[in-house]
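Residue numbering restarts at 1 for every chain, and letters A, B, ... go by the order of the sequence lines. These numbers were taken from a predicted model, which means no experiment stands behind them.
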Amino acid sequence: MTLYLVVPALFLAVVLQASAMPHLRVWGVFPDLPLVLVVTWSLLQGPRGGLVWGLIAGLFVDLLSGTPAGAATLALGAVGFLAGQARRTAIRTQLLLPMLVVVASTLLYDLILLLGMQLSGRTVLWLETLGRIVLPSALLNLLLLIALYFPLRALHRRVAAQAIGW
Amino acid sequence: MTRKRLRSLLPFLLFFLALAGFVLHRVGWLEPVEKLVVQVSAPIQGGITALLDRAGALTQTARDLQDLRARTEELEAENARLLLENVRLREVQVEATLCRDLLSFAQERQAFDLSGAHVTARVIGLDPSNLERYLLLDAGEDAGVQRNMPVVTERGLVGRIVEVGPRWSRVLLIIDVSSSVNALTQSTRASGLVQGQPDGSLLMRDIPQADSMSVGDTVFTSGLGGSFPRQILIGQVTGVLRKDSDLYQTATVEPTVDFSHLESVLVVTGFAQ
């Protein structure tokens with residue numbers, strides 16, 4: 001998939017995340033669409049594609065959110081790259097590995113963001129945030145992944161011949 | 001009598017018959033003949049009339065059907081237009097109610113605690129992250145919005161401006177973990193610091209042990225520190241956590257503002273303490 005499509009698609013995902021997703025709030029949290037998209041695509045495309053998707057999505061999240069500048073870019077880039085490492089195993093294990101990867105990715109992503117917030121001098125209540133925000137949102141991301149994984153896999157098969165122009 | 005002669009006499013004959021018929025009718029001698037004719041012709045007439053009525057009704061029905069179709073189309077178009085109009089008016093009504101509430105809040109406060117202009121800003125987005133609680137407003141520097149300005153609704157304190165663009169601004173909500181507001185309870189005047197919690201609730205901490213706290217008491221801004229105007233409603237005390245070994249007591253506070261359904265807010269561009 002070319003960057004001409006990836007960039008607007010990820011921008012749209014981040015805009016949806018900031019406008020529509022907060023209305024799907026359950027247990028005080030809502031699913032993270034850009035994160036789930038990056039994880040899913042990384043599992044299908046591999047580390048390189050995952051890194052590109054993560055960096056682009058992270059950049060948009062940084063621009064639209066109040067997180068310390070660069071924290072989301074770094075976090076989603078890392079998530080995309082690391083999730084992409086599990087690509088070959090993911091193909092064999094159907095949905096089980098993607099489910100585990102999205103939970104681990106949510107933890108990693110939120111931990112990097114929290115660290116960034118702490119380093120920028122903001123108040124971080126680590127334990128409360130982990131228990132009340134990070135874990136419930138990991139569960140919601142898991143549900144979102146189940147909904148998105150197979151449609152995205154079908155899309156990936158259609159565009160598999162095209163490589164990201166990086 | 002030739003046919004030609006008969007033809008020439010026909011008008012006179014008809015005239016004579018008409019005159020005779022008139023006279024015979026006047027004297028009543030034609031009545032039996034008339035009755036007979038009517039008796040014979042009546043069913044035929046009735047049949048023809050019914051037939052014509054049916055035919056007329058049929059054509060009328062076709063015409064009516066056509067008219068009805070046209071009317072239905074008109075009414076459907078009208079209905080769609082009215083439906084849209086209704087939706088638009090309801091939206092206007094909701095907006096008007098919101099604006100009226102905000103205006104009345106502003107007017108009440110203008111004489112009491114606040115002064116200066118207020119910018120009614122529309123909420124255009126929320127923070128995409130679960131870890132932080134921000135709002136994006138569609139009013140910025142062009143509308144006189146500046147950093148650290150308090151943001152309120154008629155229901156209470158929303159937060160403060162932390163970032164401003166030409167036509168947008170970002171609001172840090174009071175329920176964000178990074179937010180802290182100097183507060184006071186209404187009845188006991190207990191003072192403390194209201195802080196956001198990760199789950200979106202509020203905690204009032206650093207309340208001196210000597211201060212009396214009660215569940216149900218309302219919490220207002222104290223105005224201490226000058227960041228927020230005095231006496232802006234924050235929430236209601238829902239629980240008090242007090243340990244004799246601690247220097248301070250803590251209270252949980254339920255915010256009065258419904259942060260998940262914010263539509264319009266006021267940015268307080270100036271206030272007097």
Seminar exercise, completed: Output for pair (B:Asn130 CG, A:Arg132 CZ), nearest 0.5 Å, gives 14.5 Å
Seminar exercise, completed: CG of B:Leu131 to OG1 of A:Thr129, rounded to nearest 0.5 Å, is 7.0 Å
For this session: Mind ranking A:Val15, A:Leu64, A:Val14, A:Val61 by heavy-atom pairs under 4.5 Å with chain B and telling me who comes out on top?
Result: A:Leu64
For this session: For residues A:Gln17 and B:Pro128, report the shortest heavy-atom separation together with the two atoms involved.
Result: NE2-O, 2.9 Å
Problem set entry | Minimum-distance pair of heavy atoms, taken over all atoms of A:Leu63 and B:Arg170 | O-NH2, 3.6 Å
Exercise. Among A:Val29, A:Leu16, A:Asp32, A:Val124, which residue forms the greatest number of heavy-atom pairs with chain B at distances under 4.5 Å?
Worked result: A:Val29
Exercise. Is A:Glu128 reaching over with its side chain to a backbone N or O of B:Pro198, donor-acceptor style, under 3.5 angstrom?
Worked result: no
Exercise. Once you round to the nearest 0.5 Å, how far does CD of B:Glu132 lie from CD1 of A:Ile133?
Worked result: 11.5 Å
Problem set entry | Enclosure of B:Arg167 CZ (heavy-atom neighbours >12, cutoff 6.0 Å) | no
For this session: Go through A:Tyr109, A:Phe30, A:Trp27 and name the one with the most non-hydrogen pairs under 4.5 angstrom from chain B.
Result: A:Phe30
For this session: Answer yes or no: does atom NE2 of B:His261 have more than 12 heavy-atom neighbours from other residues, nucleotides or ligands under 6.0 Å?
Result: no
Exercise. Is it true that atom CZ of B:Phe259 has more than 12 heavy atoms of other residues, nucleotides or ligands lying nearer than 6.0 Å?
Worked result: yes
